[in-house]
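Structure first, then comments.
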Amino acid sequence: WPASRAPRWKGGVEGAFVPLFRLILILTGTSACNAASSLSYSSPSKARVRVINSIGSAILFCLFGTKVLTLRKTNSMQASLFLIPVTLGDTDHRRVLPEYNREIILQIKHFIVENIRTARRFLKKTEPSIVIDDLTFYELNKHTSPEDVAGYLVPLTKGEHVGVISEAGCPAVADPGADVVAIAQRKNYPVVPLVGPSSILMSVMASGFNGQSFAFHGYLPIDASERTNTIKKLEGRIYSENQTQLFIETPYRNNKLAEELIRTCRPSTKLCIASDITCEDEYIHTRHVKDWAGKVPDLSKKPTIFLIYK
């Protein structure tokens with residue numbers, strides 16, 4: 001309305017607008033805790049509130065002259081491939097995953113997963129109200145062809161988000177999800193990594209080793225002589241390149257690998273054993289190889305990462 005016709009409230013437009021804003025929050029079910037509000041006035045004739053809640057953006061236009069209130073809710077986020085971390089073991093997801101991840105998960109109907117059963121269980125733990133039957137799951141394993149993976153991303157072309165869930169930790173890091181991300185990048189789809197636990201980064205953090213330069217090698221060779229030669233080569237790199245070396249083994253062979261490291265590496269080389277990271281019985285210790293003899297705990301059936309450095 002023209003400035004000359006603008007109603008005069010005690011405290012001006014701002015004074016009348018604050019209680020109205022509170023009323024709008026109550027009527028729309030938006031909590032003040034979750035809403036980030038911005039009040040701005042371009043002239044006495046307009047008042048605009050922008051409310052951002054947990055699942056999208058709501059723009060409230062208050063038209064005082066005609067006493068009409070229009071509520072329009074929009075989701076301005078472009079359809080994206082979200083990389084969704086999971087817990088590293090049997091631990092409460094609230095300890096290691098931010099609330100924002102849950103909010104993103106609630107917007108996704110298509111999930112690319114390694115194991116459908118465990119993915120469903122994770123989603124239900126994250127948000128019990130999720131209706132699993134409303135979701136579509138695409139299984140990703142060593143038998144999945146690139147053509148199938150490309151097909152999993154079709155929902156992005158229709159404006160729908162797609163999520164990638166790993167079996168443990170962060171997707172696409174030492175994980176088949178990397179193949180999905182590679183295709184998404186080639187097709188110029190937005191890729192959004194979410195925050196979550198990574199055994200690689202967390203073990204480096206807690207080891208006391210060089211975090212400026214480190215290399216993760218995954219599983220060492222199964223053949224005994226080949227594995228021994230690989231260990232010696234990796235140990236050589238910590239001295240020649242000042243680089244921390246990380247590797248893993250299947251849980252039931254953890255004890256055997258620990259014994260081989262003690263037997264093969266130099267006594268002065270440092271070995272960090274990080275087991276059950278973020279879980280209740282988490283174990284992370286660094287010692288010289290010579291000091292590990294007879295002190296290695298039982299690592300069988302426990303996800304463990306090994307690190308060596310000088």
Taking it one step at a time, do Asn210 and Thr244 satisfy side chain to side chain donor-acceptor pair (under 3.5 Å)?
-> CA-CA 6 Å; Asn210 187 1; Thr244 302; 5.3 Å; no

Test side-chain contact (heavy atoms from CB on, under 4.5 Å) on Leu83 and Val181 and set out the steps.
-> CA-CA 9 Å; Leu83 308 181; Val181 175; 3.7 Å; yes

Check step by step if side-chain contact (heavy atoms from CB on, under 4.5 Å) holds for Ile104 and Asn101.
-> CA-CA 5 Å; Ile104 291 296; Asn101 290 18; 5.8 Å; no

Begin with the C-alpha distance, continue with both residues' side-chain angles, and end with the deciding distance and a verdict on side-chain contact (heavy atoms from CB on, under 4.5 Å) for Asn115 and Glu167.
-> CA-CA 7 Å; Asn115 184 290; Glu167 278 295 278; 3.3 Å; yes

Step by step, would you call Ile231 with Leu257 a side-chain contact (heavy atoms from CB on, under 4.5 Å)?
-> CA-CA 10 Å; Ile231 291 173; Leu257 177 57; 4.3 Å; yes

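In this structure the side chain of Leu261 reaches within 4.5 angstrom of the side chain of Phe247, judged on heavy atoms. For the pair Phe111/Val164, no side-chain contact is recorded, criterion being any heavy-atom separation below 4.5 Å from C-beta on. With a 4.5 Å cut-off on side-chain heavy atoms, Ile273 and Leu307 do not count as touching. Side-chain contact between Ile105 and Ile130: present, with at least one pair of heavy atoms (C-beta onward) separated by less than 4.5 Å. Using a 4.5 Å heavy-atom cutoff, the side chains of Ile84 and Leu97 are not in contact. Annotation: side chain of Leu81 is not in contact with side chain of Val192 (no heavy-atom distance under 4.5 Å). Here the side chains of Leu140 and Val113 are not in contact, with every heavy-atom distance at 4.5 Å or above. In this structure the side chain of Thr91 never reaches within 4.5 angstrom of the side chain of Glu280, judged on heavy atoms.
For the ring pair (Phe, Tyr, Trp, His ring centres under 6.0 Å) condition, the pairs that include at least one residue of residues 248-288, sequence neighbours left out, are Tyr283-His285. Identified under the salt bridge (Lys or Arg N to Asp or Glu O under 4.0 Å) test for residues 229-247, with sequence neighbours left out: Arg237-Glu241. Residue pairs satisfying the salt bridge (Lys or Arg N to Asp or Glu O under 4.0 Å) criterion with at least one member in residues 77-98, sequence neighbours excluded, are listed as follows: Asp92-Arg94. Applying the salt bridge (Lys or Arg N to Asp or Glu O under 4.0 Å) test to pairs two or more places apart or on separate chains, those with a residue in residues 286-308 are Asp281-Lys302. Within the structure, ring pair (Phe, Tyr, Trp, His ring centres under 6.0 Å) pairs that include any residue of residues 80-101 comprise Phe82-His161 (at least two apart or interchain). Screening residues 124-150 for salt bridge (Lys or Arg N to Asp or Glu O under 4.0 Å) gives Arg102-Glu127 as the qualifying pairs, with residues at least two apart or on separate chains. Listed by first then second residue, pairs satisfying ring pair (Phe, Tyr, Trp, His ring centres under 6.0 Å) with a partner in residues 189-216 read Phe209-Tyr309, not counting sequence neighbours.
Take Glu260 and apply the salt bridge (Lys or Arg N to Asp or Glu O under 4.0 Å) test, not counting sequence neighbours, and it matches Arg227. With sequence neighbours left out, Tyr152 forms a ring pair (Phe, Tyr, Trp, His ring centres under 6.0 Å) with Tyr138. For Glu249, the salt bridge (Lys or Arg N to Asp or Glu O under 4.0 Å) partners two or more places apart in sequence, or in a different chain, are Arg253. Considering only residues two or more places apart in sequence or on other chains, Asp175 meets the side-chain hydrogen bond (donor to acceptor under 3.5 Å, both in side chains) condition with Ser166. The side-chain contact (heavy atoms from CB on, under 4.5 Å) search around Ala182 returns Arg186, not counting sequence neighbours.
Closest heavy-atom contact between Val162 and Pro155: CG2-CB, 3.9 Å. Listed here is the closest heavy atom pair of Ile284 and Cys272: CG2-SG, 4.0 Å. Scanning both residues, Val149 and Asp179, for their nearest heavy atoms gives CG1-O, 4.4 Å. Summarising the geometry of Ala150 relative to Ile183, their closest heavy-atom pair is N-CD1, 4.1 Å, with the distance given to 0.1 Å. When all heavy atoms of Ser203 and Ile277 are compared, the closest pair comes out as CB-CD1, 4.1 Å. In terms of heavy-atom proximity, Pro85 sits nearest to Pro197 at CB-CD, 4.3 Å.
Judged by distance alone, the side chain of Trp292 and the main-chain N or O of Ile262 form no donor-acceptor pair under 3.5 Å. When atom types are taken as modelled, the side chain of Thr286 and the backbone of Ser207 share a donor-acceptor pair closer than 3.5 angstrom. For Thr228 (side chain) and Glu226 (main-chain N/O), no donor-acceptor pair under 3.5 Å exists by modelled atom type.
Residues Leu156 and Ile165 do not share a hydrophobic cluster, defined by chaining ILVMFWY side chains whose heavy atoms lie under 4.5 Å apart. Residues Val195 and Leu201 do not share a hydrophobic cluster, clusters being chains of Ile/Leu/Val/Met/Phe/Trp/Tyr side chains in contact below 4.5 Å. Cluster membership for Ile248 and Val296, using ILVMFWY side-chain heavy atoms within less than 4.5 angstrom, is shared. Under the 4.5 Å side-chain heavy-atom criterion for Ile, Leu, Val, Met, Phe, Trp and Tyr, Ile305 and Val86 are members of distinct hydrophobic clusters. Put simply, Val154 and Ile112 are part of two different groups of oily side chains (I, L, V, M, F, W, Y) that touch within less than 4.5 Å, one to the next.
Residue Glu99 qualifies as enclosed at atom CD: its count of foreign heavy atoms under 6.0 Å is above 12.
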